[in-house]
Amino acid sequence: MPVDYQQIHHKIKEIGAGARQRRQTLDGRRKKARELLNQYAADLDSLRLKVDAAKLADPNLRCALPVNEPLDSHHPAPESVAEATLIAADGSQVNPDRHAAVLYSLINIGAIVWRTGLGSSPQVFTYVDLAYGDELYTDTGMISEDLVALGRDLSERKKILELALRYPEPVITLTDGPIELWGAEGSSQEAYRRNREIHLSILSQLQSRNVTVAGYVDKPAADLVVRLLEISRIPDNEMKDVRRTHGLRNVTDRWLFGEEGNPLLQKGERSAIFVIQSSSRNHYEGDREIRFFYLNVGNNKHPWIARVEIPAWVAENRLYVNTLHSSLLQQCAILELKPYPYVLARAHEIAVVKFDDKKQVELLLQLELGNNGEEIGVASPKQTIKGLQGRTRM
């Protein structure tokens with residue numbers, strides 16, 4: 001049965017009726033956020049003490065932590081970089097599907113290397129990991145989608161390291177999303193721990209080669225700085241309730257730094273650099289501590305705010321920061337109407353596994369298994385019916 005649009009229409013009318021009140025509430029919270037940003041802009045010591053107190057009440061606290069720049073800092077675009085090697089990697093995956101005729105998983109990594117300023121064309125690299133049979137199982141059962149995704153993220157980092165070792169300085173590496181590996185819950189924790197240790201080793205090797213490592217988060221929904229401002233308002237004797245205190249709910253950092261028509265960050269400017277306070281901070285320590293800044297890759301009338309994550313060894317080297325800042329602006333200018341780093345866009349195009357690719361892999365597997373006398377399953381009726389409906393994407 002198709003969607004009952006009559007029911008949806010009724011709900012949409014209810015939503016519309018509350019729009020004005022929601023906007024008034026949000027406007028009030030946004031105004032307060034700006035006031036707090038101005039109030040605490042230079043009071044960094046006080047904010048650090050507040051965060052320390054909040055961590056005691058909530059060990060999983062996630063917010064921004066100021067380093068040494070005022071909260072309202074805005075640094076203009078540095079001079080353009082004459083030469084640099086940009087390396088970007090992205091990945092996609094096919095998860096084991098019990099409804100398919102053959103059970104397998106696939107990770108496809110696309111990478112691009114562009115030596116800017118030399119007049120050379122970008123180079124394309126790929127890496128494929130096809131898992132079958134016992135490779136699909138852990139001690140506790142079949143690998144989950146989370147574990148496949150974890151393997152994909154780690155494969156991106158491994159490919160970046162492999163390529164970064166081939167080129168002279170300066171080298172900038174980019175991945176889409178946060179630097180930190182995100183782990184799964186429950187039985188996957190041990191696998192996450194092992195992969196995190198490999199990731200930390202990769203970061204150390206990149207540092208030893210003076211590589212500028214960055215994670216690029218497009219259209220960030222986080223409230224890291226806003227959360228810091230919320231914490232600033234909590235009296236010390238009420239800090240035990242920090243987890244439930246959200247006086248600036250729905251105010252995002254993206255709005256705070258990029259208000260339409262009135263951005264705190266003008267075209268090409270970056271914010272102060274902050275530490276990411278989170279439960280994983282104990283693992284990413286010292287030179288590998290994860291920090292970030294916001295960057296307006298749009299313009300003054302239509303700002304577009306991205307979050308750029310960097311390890312501490314990059315954050316504490318102004319040349320590295322300026323080179324990254326300038327390079328990102330150059331990359332986003334290539335796709336000016338939809339500002340996003342060109343090398344990351346190309347890496348994604350290379351990495352994506354289309355539906356036809358998936359079916360071709362399945363067919364090749366079935367043919368090879370059949371030719372070697374292995375038993376081949378059949379697709380479930382559910383899968384067959386879906387196939388009859390026609391699909392072009394994963």
Visitor: Which heavy atom of Arg62 sits nearest a heavy atom of Ser278, and at what distance?
Guide: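 Looks like NH1-CB, 3.4 Å.
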Visitor: Transitively linked via ILVMFWY side-chain contacts under 4.5 Å: Leu147 with Ile198?
Guide: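 They do share one cluster, since a chain of ILVMFWY contacts under 4.5 Å joins Leu147 to Ile198.
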Visitor: Is a donor on one side and an acceptor on the other found under 3.5 Å between the side chain of Trp313 and the backbone of Ser204?
Guide: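 Looks like no, no N/O pair under 3.5 Å.
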Visitor: Hey, are His10 and Gln6 close enough side-chain-wise for a donor-acceptor pair under 3.5 Å?
Guide: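 Side chains of Gln6 and His10: no pair found under 3.5 Å.
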Visitor: Got more than 12 heavy atoms from elsewhere within 6.0 Å of CD, Glu145?
Guide: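 No, the 6.0 Å shell around CD holds no more than 12 heavy atoms from other groups.
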Visitor: Is the closest basic N to carboxylate O distance between Asp241 and Arg244 below 4.0 Å?
Guide: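 Between Arg244 and Asp241 there is a salt bridge, with a charged N closer than 4.0 Å to a carboxylate O.
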Visitor: Report yes if the side chains of Asp236 and Lys50 come closer than 4.5 Å at any heavy-atom pair, otherwise no.
Guide: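 Heavy-atom side-chain distance check passes, below 4.5 Å.
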Visitor: Quick one, His246 and Arg227 - any side-chain contact, counting heavy atoms below 4.5 Å?
Guide: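 In short, these two side chains touch, coming nearer than 4.5 Å.
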Visitor: Output, in order, the C-alpha distance, side-chain angles, deciding distance and verdict of side-chain contact (heavy atoms from CB on, under 4.5 Å) for Gln123 and Leu163.
Guide: CA-CA 11 Å; Gln123 297 175 277; Leu163 294 172; over 6 Å; no
Visitor: Using 0.5 Å steps for rounding, measure from the CD1 atom of Ile172 to the CD1 atom of Ile310.
Guide: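 If I round to the nearest 0.5 Å, the distance is 11.5 Å.
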Visitor: Mind checking side-chain contact (heavy atoms from CB on, under 4.5 Å) for Gln21 and listing every partner two or more places apart, or none if nothing turns up?
Guide: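 Here the qualifying residues are Gln24, Thr25.
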Visitor: Between Asn372 and Glu368, does any side-chain donor sit less than 3.5 Å from a side-chain acceptor?
Guide: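 Yes, side-chain donor-acceptor contact under 3.5 Å.
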Visitor: Do Pro66 and Leu71 have side chains that approach each other closer than 4.5 Å (heavy atoms only, starting at C-beta)?
Guide: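 In short, these two side chains touch, coming nearer than 4.5 Å.
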Visitor: Side-chain contact, heavy-atom cut-off 4.5 Å: Arg291 with Glu316?
Guide: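 Yes; the side chains approach each other to less than 4.5 Å.
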Visitor: Between Thr212 and Leu324, is there a donor-acceptor pair closer than 3.5 Å when you use the side chain of the first and the backbone of the second?
Guide: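 Answer holds: no.
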Visitor: Check whether the side chains of Glu269 and Asn296 place a donor and an acceptor atom closer than 3.5 Å, and report yes or no.
Guide: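 No, no side-chain donor-acceptor contact under 3.5 Å.
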Visitor: Drop me the distance from Leu200's CG to Asn195's CG, to the nearest 0.5 angstrom.
Guide: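 Taking CG in Leu200 and CG in Asn195, the distance rounds to 11.0 Å.
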Visitor: I'd like to know if the side chain of Asp287 and the backbone of Ala312 have a donor-acceptor N/O pair within less than 3.5 Å.
Guide: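 No; judged by distance alone, with no hydrogens or angles, the pair does not exist.
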Visitor: Got Val217 and Phe292 here, is their nearest side-chain heavy-atom distance under 4.5 Å?
Guide: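 When only atoms from C-beta onward are counted, Phe292 and Val217 do not touch, as no gap falls below 4.5 Å.
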Visitor: For a quick test of reading the model, state the closest non-hydrogen atom pair linking Gly91 to Ile109 and the distance between them.
Guide: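 Taking every non-hydrogen atom into account, CA-CD1, 3.7 Å.
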Visitor: Can we say Arg34 and Glu259 salt-bridge, meaning some charged N sits less than 4.0 Å from an Asp/Glu carboxylate O?
Guide: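 Yes.
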Visitor: Might you work through the side-chain contact (heavy atoms from CB on, under 4.5 Å) test for Trp114 and Gln331, ending with a clear yes or no?
Guide: CA-CA 11 Å; Trp114 193 0; Gln331 284 291 303; 3.6 Å; yes
Visitor: Determine, stepwise, if the pair Lys359 / Asp356 fulfils salt bridge (Lys or Arg N to Asp or Glu O under 4.0 Å).
Guide: CA-CA 5 Å; Lys359 299 307 294 182; Asp356 287 345; over 6 Å; no
Visitor: Return yes when atom CG of Asp134 has more than 12 non-hydrogen atoms of other residues, nucleotides or ligands closer than 6.0 Å, and no otherwise.
Guide: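 At most 12 heavy atoms, drawn from other residues, nucleotides or ligands, come within 6.0 Å of this atom.
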Visitor: Output yes when a side-chain donor or acceptor of Asp253 lies under 3.5 Å from a complementary backbone atom of Val226, and no otherwise.
Guide: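 Side chain of Asp253 to backbone of Val226, a donor-acceptor pair under 3.5 Å: yes, one is there.
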Visitor: Please check: side-chain N/O of Arg243 versus main-chain N/O of Asn60, any donor-acceptor pairing under 3.5 Å?
Guide: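 No; judged by distance alone, with no hydrogens or angles, the pair does not exist.
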Visitor: Transitively linked via ILVMFWY side-chain contacts under 4.5 Å: Val81 with Leu344?
Guide: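 No, Val81 does not connect to Leu344 through the hydrophobic network.
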Visitor: Which heavy atom in Glu230 sits nearest to a heavy atom in Thr245, and how many Å separate them?
Guide: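 Minimum heavy-atom separation between Glu230 and Thr245: OE1-O, 3.8 Å.
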Visitor: Has Arg166 got more than 12 heavy atoms of other residues, nucleotides or ligands less than 6.0 Å from its CZ?
Guide: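 For Arg166, atom CZ is crowded (more than 12 foreign heavy atoms under 6.0 Å).
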Visitor: Could you go step by step and tell me if Tyr104 and Lys358 meet the side-chain contact (heavy atoms from CB on, under 4.5 Å) rule?
Guide: CA-CA 11 Å; Tyr104 71 98; Lys358 178 177 181 291; 3.4 Å; yes
Visitor: Measuring only between side-chain heavy atoms, which start at C-beta, is Phe257 closer than 4.5 Å to Pro220?
Guide: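 No, side chains not in contact.
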Visitor: Taking all atoms of both residues into account, what is the closest heavy-atom pair of Leu174 and Ile160, and its distance?
Guide: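 Nearest heavy atoms, Leu174 then Ile160: O-CD1, 3.7 Å.
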Visitor: Look only at the side chain of Thr323 and the backbone of Leu319, and say whether a donor-acceptor pair between them is shorter than 3.5 Å.
Guide: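 Looks like yes, one N/O pair under 3.5 Å.
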Visitor: Do the non-hydrogen side-chain atoms of Val308 and Arg270 ever get within less than 4.5 Å of each other?
Guide: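 No - every pair of side-chain heavy atoms lies 4.5 Å or more apart.
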Visitor: Quick one: pull up OH in Tyr320 and CG in Asn210 and give me the separation to the nearest 0.5 Å.
Guide: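 Rounded to the nearest 0.5 Å, the OH-CG separation comes out at 3.5 Å.
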Visitor: Could you tell me whether a side-chain N or O of Arg30 sits under 3.5 Å from a main-chain N or O of Val251, the two making a donor and an acceptor?
Guide: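 Checking the backbone N and O of Val251 against the side chain of Arg30, no donor-acceptor pair under 3.5 Å is found.
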Visitor: Any donor-acceptor pair under 3.5 Å linking the side-chain atoms of Glu156 with those of Thr175?
Guide: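 Note: Thr175 and Glu156 side chains miss the donor-acceptor criterion.
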Visitor: When rounded to the nearest 0.5 angstrom, what is the spacing between CG in Asp357 and CG in Leu106?
Guide: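 Asp357 CG to Leu106 CG: 9.0 Å, rounded to 0.5 Å.
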Visitor: Do Leu329 and Ile334 belong together in a cluster built from hydrophobic side chains that touch within less than 4.5 Å?
Guide: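 Shared cluster, yes.
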Visitor: According to a 4.5 Å side-chain heavy-atom criterion applied to Ile, Leu, Val, Met, Phe, Trp and Tyr, with indirect links allowed, do Leu228 and Leu56 form part of one hydrophobic cluster?
Guide: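 No, Leu228 does not connect to Leu56 through the hydrophobic network.
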Visitor: Got a salt bridge between Glu197 and Arg193, using NZ or NE/NH1/NH2 to carboxylate O under 4.0 Å?
Guide: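 Between Arg193 and Glu197 there is no salt bridge, as every charged N stays at least 4.0 Å from the carboxylate O atoms.
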Visitor: Any Lys/Arg nitrogen of Lys31 or Asp27 sitting under 4.0 Å from an Asp/Glu carboxylate oxygen of the other?
Guide: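 A salt bridge is absent here (no side-chain N lies under 4.0 Å from a carboxylate O).
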Visitor: Is the number of heavy atoms from other residues, nucleotides or ligands within 6.0 Å of CD (Glu79) greater than 12?
Guide: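 Incorrect, the count does not exceed 12.
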Visitor: Indicate yes or no: at least one non-hydrogen side-chain atom of Phe274 is less than 4.5 angstrom from one of Glu69.
Guide: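 Not touching, per the 4.5 Å side-chain cut-off.
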Visitor: Donor-acceptor check, side chain of Asp153 to backbone of Leu181, threshold 3.5 angstrom: yes or no?
Guide: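 Such a contact is absent between Asp153 side chain and Leu181 backbone.
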Visitor: What are the two closest non-hydrogen atoms of Phe293 and Ala272, and how far apart are they?
Guide: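 Smallest interatomic distance, heavy atoms only, reads CB-O, 3.5 Å.
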Visitor: With distance as the sole test, does Thr173 use its side chain to make a donor-acceptor pair with the main-chain N or O of Ile87 at under 3.5 Å?
Guide: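 No, Thr173 side chain to Ile87 backbone: no donor-acceptor pair under 3.5 Å.
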Visitor: So, taking the atom named CH2 in Trp255 and the one named CG in Leu248, what distance separates them when rounded to the nearest 0.5 Å?
Guide: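 Spacing of CH2 (Trp255) from CG (Leu248) equals 10.0 Å.
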Visitor: If you measure from CZ on Arg196 to OG on Ser201, what distance do you get to the nearest 0.5 Å?
Guide: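 Spacing of CZ (Arg196) from OG (Ser201) equals 13.5 Å.
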Visitor: When hydrophobic residues are tied together by side-chain contacts of less than 4.5 Å, even through go-betweens, does Ile276 share a cluster with Ile179?
Guide: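 Hydrophobic grouping puts Ile276 with Ile179.
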Visitor: Main chain of Leu65, side chain of Gln277: is a donor-acceptor contact present, judged purely on distance under 3.5 Å?
Guide: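 No, the answer is negative, given that no donor and acceptor are paired below the 3.5 Å cut-off.
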Visitor: Check this for me, if you would: do Asp52 and Lys55 make a salt bridge, where the nitrogen-to-carboxylate-oxygen distance has to be below 4.0 angstrom?
Guide: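 The answer is yes: the pair qualifies as a salt bridge.
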Visitor: Could you give me the CA-CA distance, side-chain angles and deciding distance for Gln39 and Leu36, then say whether side-chain contact (heavy atoms from CB on, under 4.5 Å) is met?
Guide: CA-CA 5 Å; Gln39 178 183 343; Leu36 290 169; 3.8 Å; yes
Visitor: When you check the gap from the basic side-chain N to the acidic O, do Arg346 and Asp90 get nearer than 4.0 Å?
Guide: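 Here Arg346 does not pair with Asp90 in a salt bridge, since their nearest N and O are not under 4.0 Å apart.
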Visitor: Return the minimal non-hydrogen interatomic distance between Ala57 and Lys240, and the atom names on each side.
Guide: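 Shortest heavy-atom separation between Ala57 and Lys240 comes out as CB-CA, 3.9 Å.
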